[in-house]
Amino acid sequence: EAGVAQSPRYKIIEKRQSVAFWCNPISGHATLYWYQQILGQGPKLLIQFQNNGVVDDSQLPKDRFSAERLKGVDSTLKIQPAKLEDSAVYLCASSSQDSYNSPLHFGNGTRLTVT
Amino acid sequence: AQSVTQLGSHVSVSEGALVLLRCNYSSSVPPYLFWYVQYPNQGLQLLLKYTTGATLVKGINGFEAEFKKSETSFHLTKPSAHMSDAAEYFCAVTFQGGKLIFGQGTELSVKP
């Protein structure tokens, strides 16, 4: 089966600019996650979707971050405006069930550098 | 507060030596426990998981981990390290189906 696809792989922007990341999960996976991984730290959940509905966005900085999964398949994460501390790898993951008993499948991530 | 701690941000072993990566959690409720591996410039891949049942869990690539409730630990081991094991390893925990919480990671280096 094809894995989780993410694009772009790398992005460099200046602070206060906007940026968007795209994720296409494994076919049939209802649950989609966006994680932020800052250098030297473990991934931190930003938002979890079940189909096209939001399950958990408690750690999403909503003043600048937004995410959508309009048709319950692929998803877009946007940052506007970006800050220096947003420099990180943004990982998308999907699973077949809304349960952590079902393993997460991760994409290769998008490495964002904000200058 | 529920949390997970990995002891040692960097572990270095010789090829053929025992690998031991430590993970402890804090929780008053039974957790689900996971180990993920991340190779350079790639996403995370599940190594193994514990949910219920046998406390010694075997995973891919010869790794295994043992859930010790009395010690609130879930250490990852491999009897003999291989060069290809060099990567970053993350312990993760979820409590009663809540969000997955990752440790800060341990980078494993394998010397020839």
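Chain letters run A, B, ... following the sequence lines, proteins first, then strands; residues in each count from 1.
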Hey, can you pull the donor-acceptor pairs under 3.5 Å for the side chains in residues 56-64 of chain B, sequence neighbours left out?
| residue | atom | partner | partner atom | Å |
| --- | --- | --- | --- | --- |
| B:Lys58 | NZ | B:Glu64 | OE1 | 2.7 |

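Looking at B:Tyr36, only its side chain comes within 4.5 Å of chain A, counting heavy atoms on both sides. Contacts between A:Gln59 and chain B at a heavy-atom distance below 4.5 Å involve the side chain alone, from C-beta outward.
Of all heavy-atom pairs spanning B:Leu46 and A:Pro103, the tightest one is CD2-CB, 3.3 Å.
Atom NZ of A:Lys62 sits in a crowded spot, with more than 12 heavy atoms from other residues, nucleotides or ligands closer than 6.0 Å. Other residues, nucleotides and ligands place no more than 12 heavy atoms under 6.0 Å from the CD1 atom of A:Ile12. Within a 6.0 Å sphere centred on CD of A:Gln80, heavy atoms belonging to other residues, nucleotides or ligands number 12 at most.
Cluster note: A:Ile47 groups with A:Ile13, A:Val19, A:Phe21, A:Leu32, A:Trp34, A:Leu46, A:Phe49, A:Val54, A:Leu60, A:Phe65, A:Leu77, A:Ile79, A:Leu84, A:Tyr90, A:Leu112, A:Val114 through ILVMFWY side-chain heavy atoms spaced under 4.5 Å, whether in direct contact or through intervening members.
Residue B:Tyr39 is grouped with residue B:Leu48 when hydrophobic side chains (ILVMFWY) are merged at heavy-atom distances under 4.5 angstrom, including chains of intermediate members.
Expressed to the nearest 0.5 Å, how far CZ of B:Phe90 lies from CD of A:Gln41 amounts to 10.0 Å. One distance of note links CG of A:Leu91 with CD of B:Gln38; it measures 6.5 Å at 0.5 Å rounding.
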Derivation of the side chain to side chain contact (heavy atoms under 4.5 Å, CB included) call for A:Tyr35 and B:Leu100: CA-CA 10 Å; A:Tyr35 283 85; B:Leu100 198 60; 3.7 Å; yes
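A donor-acceptor contact shorter than 3.5 Å is absent between the side chain of A:Arg111 and the backbone of B:Asn41.
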